[in-house]
Amino acid sequence: MSKKKRHGRRPAGKSAKPRKQSIEFVARPFAGLPAEEDLVAMAQIIPAATATVRLTKEYGGGQVQLVTLLPEFVQGIKRADGEVLVAMQTSMHSGDASRDVAAAVLAAIDLPEGQALRADSLPEPGPRLQDILDTAEPPVISVRETFDFWVDPRVGAGDAQSRQAIEEAIERAKDEIAPTRPVPGVEHAYWCRLGAKEFVRWVRGEDEDEFFNAFARIHSARQSDLEEGARFVGAFRANGLAIPVWELVPGTEAEELTKPLQAMGERLDAALADENPLSPEDRRAKAGIISRQVNL
């Protein structure tokens with residue numbers, strides 16, 4: 001008698017593993033958080049930065065350092081003195097960046113001191129940053145020139161070998177960091193130098209469609225350049241926000257952009273307040289801007 005293969009049967013005594021719940025996609029994951037625009041910038045366009053945040057009393061009330069990136073793309077680190085660093089730029093992403101970071105924060109807090117949190121799977125639904133952060137204390141973003149925050153200043157002589165390895169990693173990464181600085185007097189605007197060219201990227205807090213409608217009016221009126229020689233080159237979509245980008249006159253520094261960006265802000269405010277339907281010229285301008293945008 002031939003034996004038939006049995007498919008789909010599980011040996012007696014073995015139970016099925018519960019299927020992990022997936023996270024629903026959230027188009028604007030950091031909405032409602034103070035400094036939403038800067039958190040998006042840290043997650044998407046700033047190479048090296050830190051931000052101190054405080055947890056609610058329900059989650060211990062302690063401080064955590066959100067950072068752009070950690071060595072070897074680890075999700076978090078708990079230092080020997082208990083300080084927790086959590087990266088916003090990692091190699092694994094679910095449909096909700098806020099849940100991803102919150103899950104890493106909570107997991108890193110529970111790490112043994114001196115250990116790193118490595119991504120092995122995506123989190124399931126659970127608390128988000130909006131649930132665990134004390135929003136009465138807005139984060140203050142500190143943009144860095146290097147990954148110097150990787151080094152624990154309290155590491156003693158006994159850990160000299162570990163410190164040397166981190167410092168060598170920082171040195172190797174230095175050449176990969178595009179110089180980036182905030183524009184003085186203009187919130188959420190970041191100057192950067194990529195190769196031989198300078199750009200400014202401005203993370204806007206409006207609803208994406210509202211921004212693109214407003215900017216289409218400016219673009220169709222031929223007022224989208226910051227100043228002579230500083231031309232609008234396109235926009236990113238990142239975590240539900242628009243990030244317009246201008247290529248600058250060669251050699252332009254961040255400090256020179258304050259007045260041009262403030263003037264652009266005034267044009268945007270006026271365009272955002274215009275409730276009239278877009279003209280045919282405005283619609284064509286919007287279509288052109290949308291056609292060359294990039295999703296981050």
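Only a predicted model underlies this, so the values are computations on that prediction, with no experimental measurement involved.
- Judged by distance alone, the side chain of Asp134 and the main-chain N or O of Leu55 form no donor-acceptor pair under 3.5 Å.
- In this structure, Arg181 contributes its side chain and Trp191 its backbone to no donor-acceptor pair below 3.5 Å.
- One distance of note links CD1 of Ile132 with OG of Ser98; it measures 8.0 Å at 0.5 Å rounding.
- Between Leu248 and Glu253, every side-chain heavy-atom pair lies at or beyond the 4.5 Å cut-off.
- For Ala43 against Gln89, the heavy-atom pair with the smallest separation is O-CG, 3.4 Å.
- Annotation for Gln65 and Thr52: closest pair NE2-OG1, 2.6 Å, computed over non-hydrogen atoms.
- Side-chain contact between Phe30 and Met88 is present, with heavy atoms from C-beta onward closer than 4.5 Å.
- Aromatic ring pairs are classed by plane angle as parallel below 30°, tilted from 30° to 60° and perpendicular above 60°; the pair Trp246 and Phe215 is perpendicular.
- Remark: Asp131 does not engage Arg99 in a salt bridge, criterion side-chain N to carboxylate O under 4.0 Å.
- Put simply, the side chain of Glu198 gets close to the backbone of Gly251: a donor and an acceptor are under 3.5 Å apart.
- Thr252 OG1 to Arg193 CZ: the interatomic distance, rounded to the nearest 0.5 Å, is 9.0 Å.
- Side-chain contact between Ile177 and Glu145 is absent, with no heavy atoms from C-beta onward closer than 4.5 Å.
- Asp100 places a side-chain N or O within 3.5 Å of a backbone atom of Ser94 that can act as its donor or acceptor partner.
- Glu37 and Arg204 make their closest contact through CG-C, 4.1 Å (heavy atoms, listed as atom of the first residue, atom of the second, distance).
- Inter-residue side-chain proximity for Val101 and Thr90 is flagged as unmet; no heavy-atom pair is nearer than 4.5 Å.
- If you take NZ on Lys286 and CG on Leu278, they are separated by 6.0 Å, rounding to the nearest 0.5 Å.
- Remark: side-chain polar atoms of Gln130 are paired, donor with acceptor, to backbone N or O of Ala31 under 3.5 angstrom.
- Hydrophobic clustering of Ile, Leu, Val, Met, Phe, Trp and Tyr side chains at less than 4.5 Å, counting indirect connections, unites Phe147 with Val151.
- Note on Phe211 and Ile45: separate hydrophobic clusters, where clusters join Ile, Leu, Val, Met, Phe, Trp and Tyr whose side-chain heavy atoms are under 4.5 Å apart, directly or indirectly.
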Practice task
Would you please test Leu261 and Leu226 for side-chain contact (heavy atoms from CB on, under 4.5 Å) and show each step?
Solution key: CA-CA 7 Å; Leu261 277 174; Leu226 277 185; 3.7 Å; yes
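- Side chains of Val203 and Asp38 form no contact here, defined as non-hydrogen atoms less than 4.5 Å apart.
- Taking every heavy atom of both residues into account, Arg237 and Ile290 meet most closely at NH2-CD1, 3.6 Å.
- Under the 4.5 Å side-chain heavy-atom criterion for Ile, Leu, Val, Met, Phe, Trp and Tyr, Phe232 and Phe199 are members of distinct hydrophobic clusters.
- Exactly one of Val86, Leu106, Leu85 qualifies for a side-chain contact (heavy atoms from CB on, under 4.5 Å) with Val64. That residue is Val86.
- Contact check for Val186 versus Leu257: no side-chain heavy atoms found under the 4.5 Å cut-off.
- Here the closest heavy-atom approach between residue Pro260 and residue Glu227 is recorded as CG-OE1, 3.7 Å.
- In this structure, Glu36 pairs ionically with Arg28, as a charged nitrogen and a carboxylate oxygen lie closer than 4.0 Å.
- Ion pairing of Lys78 with Glu113 is absent here, as no side-chain N (NZ or NE/NH1/NH2) approaches a carboxylate O to less than 4.0 Å.
- Remark: side-chain polar atoms of Thr258 are paired, donor with acceptor, to backbone N or O of Pro184 under 3.5 angstrom.
- Side chains of Arg201 and Phe236 form a contact here, defined as non-hydrogen atoms less than 4.5 Å apart.
- Residues Val183 and Trp202 fail the side-chain proximity criterion, which asks for heavy atoms closer than 4.5 Å.
- Put simply, the side chain of Ser224 never gets that close to the backbone of Ile218: no donor and acceptor are under 3.5 Å apart.
- The structure places CG of Leu70 at 4.5 Å from CD1 of Ile77, a figure rounded to the nearest 0.5 Å.
- The closest side-chain donor-acceptor pair between Ser279 and Glu281 falls under 3.5 angstrom.
- Here the shortest heavy-atom pairing between Phe212 and Ala235 reads CE2-CB, 3.9 Å.
- One hydrophobic cluster holds both Ile46 and Val53 under the rule that ILVMFWY side chains link at heavy-atom gaps under 4.5 Å.
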